[in-house]
Amino acid sequence: MSYLGRVATKRPRPALVRRTTDHGAAMQDDAYDLPEAPSDDEESKLYRIRHSTAHVLAQAVQRLWPHARLAGGPPVKDGFYYDIEIDDHTLSEEDFAQLEKTMKRIVKENQPFEMTTWPREKIIAHYQRTDQVYKLDLLERIIPDPEVGICQNPQKGSDDVWFDMCRGPHVPRTGQCKHFKLLRVSGAYWRGQSDQPMLQRVYGTAWKTREQLDTYLHRLEEAKKRDHRKLGRDLDLFMFHDWAPGAPFWLPKGEDLYHTLARRMRDLLVQGGYQPVRTPLVFDSALFETSGHWEHYRENMYHFDERHAAHGHGEAAHTQAQAHGDNDQGGRQLGLKPMNCPCHMLIFKHKKRSYRDLPLRIHDQGVLHRNELSGTLSGLTRVRQFSQDDAHIFCTQEQIAAEVEALLHLIDKVYRAFDMPVALKLSTRPAEKLGSDELWDAAEDALRQALDATGRPYEIKEGDGAFYGPKIDFDVYDALERTHQCATVQLDFQLPRRFDLSYVGADNQPHVPVVIHRAVFGSFERFIGILIEHYAGAFPVWLAPEQVRVMTVSERSEAHGEGVLRALKSAGIKATADLSDAKIGYKIRECHNQKVPYMLIIGERERDEGTVSVRSRDDGDLGAMPVEDFLTRVVAESLPPF
RNA sequence: GCCCAUGUAGCUCAGAGGUAGAGCACCUCCUUGGUAAGGAGGAGGUCACCGGUUCAAUUCCGGUCAUGGGCUCCA
């Protein structure tokens with residue numbers, strides 16, 4: 001069975017048909033067509049439970065705050081949320097106890113969920129009366145139906161009915177929503193747009209059984225334990241400082257990890273015919289005007305006026321320069337590059353290129369800056385300064401398929417080595433696009449051909465490509481089966497034109513090359529964050545910043561310990577020694593907490609016999625062996641697996 | 001950027017309108033011990049920063065900064 005095939009079989013996806021290029025009617029059908037085909041599989045049952053529990057939450061909120069305005073409350077992965085607006089109260093986690101108590105009461109009342117429909121006018125009148133502006137907005141915008149779905153919960157011991165506009169489906173009664181827990185509350189813009197009011201979103205999880213709920217909560221705990229921010233501190237890998245938000249400091253061990261990955265990738269790419277380069281960080285705005293970043297990406301860029309920067313003028317000079325536009329003061333507008341591609345365009349253009357030079361593969365691990373919104377920064381996952389295992393391939397249209405095929409091999413090889421399954425997705429031309437249909441046809445065919453050559457399943461996302469070219473996305477699965485976007489292969493028909501690139505073809509005519517943007521790890525920062533969590537900080541030997549720790553039982557074996565350390569180091573092993581006067585049990589515990597793959601215990605016995613006692617982080621006590629035997633073993637394990 | 005929460009020793013966290021505590025880590029000494037914490041002592045904090053209220057603020061209030069959870073998945 002193919003490696004990637006395994007993913008597809010292991011994690012069946014609901015047949016979610018959500019590819020639609022036109023809006024309106026198609027969108028509507030879509031909305032009614034969520035994975036809710038009346039089947040009895042787990043997904044569907046859970047979906048009903050979660051959807052129903054969202055209703056229970058909404059009802060509870062309105063019991064406690066009768067004037068609360070409800071927005072929407074869909075089921076999501078592992079749970080549900082409900083968006084709410086309460087005029088005179090701000091929900092916080094302190095409200096959870098009370099809310100959950102009220103929800104449990106509703107569950108206990110075992111109210112039925114009854115679907116019915118109301119005439120449109122009736123529901124509108126009701127919502128106008130009760131000031132449910134968000135429901136009214138939904139009716140106006142996305143529910144054209146003359147008869148609107150209503151889900152009713154008759155109240156126990158009275159004629160009252162609590163209801164919510166809803167298309168269903170639900171479980172039969174609230175009694176089946178027993179196993180839930182509210183998790184967090186956050187802000188969320190109505191319709192996800194920042195010009196809309198900010199609502200309060202309450203997230204919860206819900207399951208079929210108590211055990212499932214407990215398992216899920218336990219999984220959250222486990223994930224928290226391997227959070228890369230915590231491990232980064234515990235293992236001394238990296239740090240942050242208030243004075244450089246979003247910019248990691250790589251401490252010696254983290255830097256080692258970084259360097260190991262960067263170096264290995266560089267070597268691999270050189271083998272694959274790439275040429276590493278090193279390029280500037282700061283550029284005249286002309287570069288970004290040419291590339292289009294100035295127009296489309298400026299808000300995410302760091303930029304400044306050269307004169308202002310050089311003379312250190314205060315705010316006055318700054319505002320004056322701004323008031324007069326970019327160049328009135330005579331100083332250049334400068335920007336820190338957010339991507340490497342424009343640099344590589346310049347490198348291509350630096351010489352007259354022939355078709356014989358193609359494909360030209362330029363690799364660059366340059367430092368990039370992106371001024372991400374402050375609220376989006378998060379550990380190594382979202383940073384403002386980073387670098388990538390970036391490269392751009394300049395090639396002819398005919399070369400696309402072969403290049404992409406090689407890339408797919410490379411990506412597979414790398415992620416296989418990390419034991420991370422990868423799923424493939426092809427995104428094709430969007431409605432708004434640049435380039436002729438012939439070009440797109442050829443390019444999409446080339447990508448399909450390369451994908452087919454892998455013999456693996458892949459998903460097609462019609463219309464999801466960028467306006468400048470189709471792309472292949474990769475979903476990487478970590479040890480907790482979470483997905484991450486790391487690798488990318490993106491064709492670009494536009495950038496070469498913006499930079500007026502050309503090569504001389506065999507016909508002695510100029511032709512515009514195709515550019516392939518590609519990365520395997522993506523940003524090193526984020527990828528290391530993912531690896532930390534994937535391995536829970538217990539890196540394989542080849543990656544471990546400290547591979548072996550030599551520890552002595554007492555002073556009497558110190559000399560032998562130092563000898564062993566020297567031998568390890570001269571064999572290129574990253575080794576340290578703990579010669580302190582702590583007891584061996586203490587040293588082992590310390591070393592284990594630091595997740596060092598091998599501990600060598602050196603006592604008088606080992607000294608006399610010329611051996612080392614090996615304790616493996618993963619396999620425990622391996623007993624004594626000659627120093628040479630251990631060296632052979634650890635050197636072998638230090639080789640990168642790709 | 002917006003909403004909510006948080007910010008006390010290197011780390012994890014107590015605490016209270018009257019100028020601060022624990023465990024671990026750190027340092028010193030004792031201990032020479034064989035596979036997950038040996039013992040004793042010591043040092044360490046402008047309680048994130050700025051302002052306000054108060055006789056008195058780390059504690060209450062406001063602002064700033066940072067961190068965390070969110071902000072496409074549309075009844």
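Each chain gets a letter, A, B and so on, in the order the sequences are listed, and its residues count up from 1.
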Tell me which nucleotide, if any, is Watson-Crick or G-U wobble paired with [N] when both distances must be under 3.5 Å.
N     : value
B:A22 : B:U12
B:U46 : none
B:U35 : none

- Query: In whole Å, what is the span from the CD atom of A:E85 to the C1' atom of B:C4?
  - Reply: 15 Å
- Task: Would you mind reading off the distance between A:R201 atom CZ and B:C71 atom C1', rounded to a whole angstrom?
- Result: 7 Å
- Task: Name the orientation class of the two ring planes belonging to A:H170 and A:F113 (parallel below 30°, tilted from 30 to 60°, perpendicular beyond 60°).
- Result: parallel
- Task: Name the orientation class of the two ring planes belonging to A:W207 and A:Y216 (parallel below 30°, tilted from 30 to 60°, perpendicular beyond 60°).
- Result: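 A:W207 vs A:Y216 ring planes: tilted.
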Mind checking if [X] touches a base, just sugar-phosphate, or nothing, with heavy atoms under 4.0 Å?
X      : answer
A:R605 : base
A:R615 : base
A:L199 : nothing
A:Y134 : nothing
A:G375 : base
A:I588 : base
A:E604 : base
A:G379 : sugar-phosphate
A:I584 : sugar-phosphate
A:S613 : base
A:S92  : nothing
A:G585 : sugar-phosphate
A:D242 : sugar-phosphate

Taking OP1 and OP2 of [N], is either one under 4.0 Å from a side-chain nitrogen or oxygen of [X]?
X      : N     : result
A:Y203 : B:C71 : yes
A:R233 : B:G10 : no
A:R556 : B:G33 : yes

- Message: So for A:D581 and B:U31, does any side-chain atom that can act as donor or acceptor lie under 3.5 Å from a complementary atom in the base?
- Response: yes
- Polar side-chain contact A:Y189-B:G70 base: donor and acceptor under 3.5 Å: no
- Message: Determine whether the aromatic ring centres of residues A:F80 and A:F180 are separated by less than 6.0 angstrom.
- Response: no
- Check whether the ring centres of A:H126 and A:F163 lie less than 6.0 Å apart, and answer yes or no. yes
- Message: Donor-acceptor check, side chain of A:S523 to backbone of A:F386, threshold 3.5 angstrom: yes or no?
- Response: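 It does not hold such a pair.
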- Between the main-chain N or O of A:V541 and the side-chain N or O of A:Q547, is there a donor-acceptor pair closer than 3.5 Å?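 Yes: the side chain of A:Q547 pairs with the backbone of A:V541.
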- Query: Given B:G70, B:G68, B:U32, which nucleotide is nearest the side-chain atoms of A:S378?
  - Reply: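 For the A:S378 side chain, the nearest candidate turns out to be B:G68.
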